S.K.: 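After the structure tokens below, expect a handful of questions from me.
One-based numbering, in listed order, for ligands and for the atoms of each. Everything numeric in this text was worked out from a predicted model, so none of it was measured.
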Amino acid sequence: MAALVQLRDVVKHFPVTRSLGELVRGEHPAVRALDGVSFDIGSGDAIAIVGESGCGKTTLGRLMLKLTEPTTGTIAFDGTALAGLAGEGLRGFRRQAQLVFQNPFDALNPRFTIYRAVAEPLLNAGIDKAEHEDRVAAAFRRVHLADLDRYLDKYPHQLSGGQLQRVVLARALVLAPRFLVADEPVSMLDVSVRAGILALMREVRDTMGLTAVYISHDLALVRYLCGRTLVMYLGRIVEDAPTDEIVRRPRHPYTQALVAAVPVPDADQPRVPLPIKGNVPDAREPPSGCSFRDRCPHAMTRCAEVAPPLREVAGGHRVACHLELA
Ligand SMILES: Nc1ncnc2c1ncn2[C@@H]1O[C@H](COP(=O)(O)OP(=O)(O)O)[C@@H](O)[C@H]1O
Ligand SMILES: [Mg+2]
């Protein structure tokens, strides 16, 4: 099926304040949040983007929604480059592409009633006011907050985290979008309500035929949700494969570590730390060659010299590792 979203060589650098030395030497240091990312998302597909904090997941999500612009590279939605969108074209895109915020406690204005919060995107999109009530009611039904009257006049602080995240989802769905980016949609919620919210997102996705991106630092949370998973490390995709393959036969040493840290389902054990040494390197000064080499148990001389390209190693399975390219 044709790609709904297409990214090509997307780079995003954030300039940082220069030190006196850097100023004198004429250097322009930058955080390399994304360093050449290319992939397609087929219409109706759901993909997960996983990786430790700081590896560029949120930046990638914001770029796909045109909430920020790439330093270089191109992003297209339904065949149209986002960079060129303005006016009516941009408004059309904003109606079709929505973000589910990470933290439902921050996502809603505390002074707006729940009704106003969910109706606000309709207002912004210039939808006739006469349609608002019906549309809000339909969005509430989709997220199973059917007993509307109990919620509409309430304020965010009067709702639980799970209810709030349903409201946040209703707000994202009220314009009947085609594309949804959910950035850590359950990480701030109590463990007891997470599974329900994830199941709801899956149901909504299926019934509305949405194309969806789920961002998470935790592979365990998204492994049952998406057919395909992209693993990121320090601004790059290091592995891209069907989620089954990622979980059963991870090929990149970093993915292997992520999979090893996923607890056995239902076992009541604490999360094990990643079985690799150290932390994600500073994105201002990534190591030469492969950015994972400092932490990799298999690092070879070549890994310090050449960054391994992301290559297809089997049908629909891409890996960026010299071990796989040998
Ligand atoms: N607005 C910004 N200004 C400067 N640096 C930023 C900005 N947003 C993100 N970064 C940096 O970019 C890198 C990737 O961040 P982010 O995309 O938030 O990662 P993740 O969502 O995977 O935790 C981090 O090093 C972060 O500090
Ligand atoms: Mg993030």
S.K.: What protein heavy atom lies closest to atom 1 (N) of ligand 1? Include the residue and the distance to one decimal.
M.R.: Phe14 CE2, 3.6 Å
S.K.: State, without any angle test, whether Arg223 and Thr229 hold a side-chain donor-acceptor pair at a distance under 3.5 Å.
M.R.: no
S.K.: Would you say Glu52 and Tyr254 are linked by a side-chain donor-acceptor pair, where the criterion is simply a distance under 3.5 Å?
M.R.: yes
S.K.: Under a 3.5 Å cutoff, is there a donor and acceptor pairing between the side chains of Ser216 and Asp218?
M.R.: no
S.K.: Checking only N/O/S atoms, does Thr58 have one that is under 2.8 Å from the Mg ion (ligand 2)?
M.R.: yes
S.K.: Using modelled atom types only, decide if a donor and an acceptor are shared between the side chain of Glu239 and the backbone of His252 within a distance under 3.5 Å.
M.R.: yes
S.K.: Take atom CD of Glu133 as the centre, draw a 6.0 Å sphere, and report whether it contains more than 12 heavy atoms from other residues, nucleotides or ligands.
M.R.: no
S.K.: For Val306, is there any backbone N or O sitting under 3.5 Å from a side-chain donor or acceptor partner on His322?
M.R.: yes
S.K.: How close does the nearest protein non-hydrogen atom get to atom 19 (O) of ligand 1, and which residue and atom is it?
M.R.: Gly56 N, 3.1 Å
S.K.: Using protein heavy atoms only, decide if any is under 4.0 Å from atom 27 (O) of ligand 1.
M.R.: no
S.K.: Quick one: look up the protein heavy atom nearest atom 18 (O) of ligand 1 and list residue, atom name and how far away it is.
M.R.: Thr58 CB, 3.7 Å
S.K.: Where on Thr59 is there a heavy atom closer than 4.0 Å to ligand 1, on the side chain, on the backbone, on both, or on neither?
M.R.: both
S.K.: Checking a contact table here: which protein heavy atom is nearest atom 22 (O) of ligand 1, and how many Å away?
M.R.: Lys57 NZ, 2.8 Å
S.K.: Return yes if a side-chain donor-acceptor contact under 3.5 Å exists between Tyr233 and Arg295, otherwise no.
M.R.: yes
S.K.: Which of the numbered atoms in ligand 1 are below 4.0 angstrom from a heavy atom of Ser53?
M.R.: 23 (O)
S.K.: Can you pull out the closest protein heavy atom to atom 12 (O) of ligand 1? Residue, atom name and distance to 0.1 Å, please.
M.R.: Ala33 CB, 3.4 Å
S.K.: Would you call the rings of Phe179 and Phe77 parallel, tilted or perpendicular if under 30° counts as parallel and over 60° as perpendicular?
M.R.: tilted
S.K.: At what distance is the nearest protein heavy atom to atom 11 (C) of ligand 1, and which residue and atom is it?
M.R.: Val31 CG1, 3.6 Å
S.K.: Taking the minimum heavy-atom distance to atom 13 (C) of ligand 1, which of Gly51, Pro15, Gly54 ranks first?
M.R.: Gly54
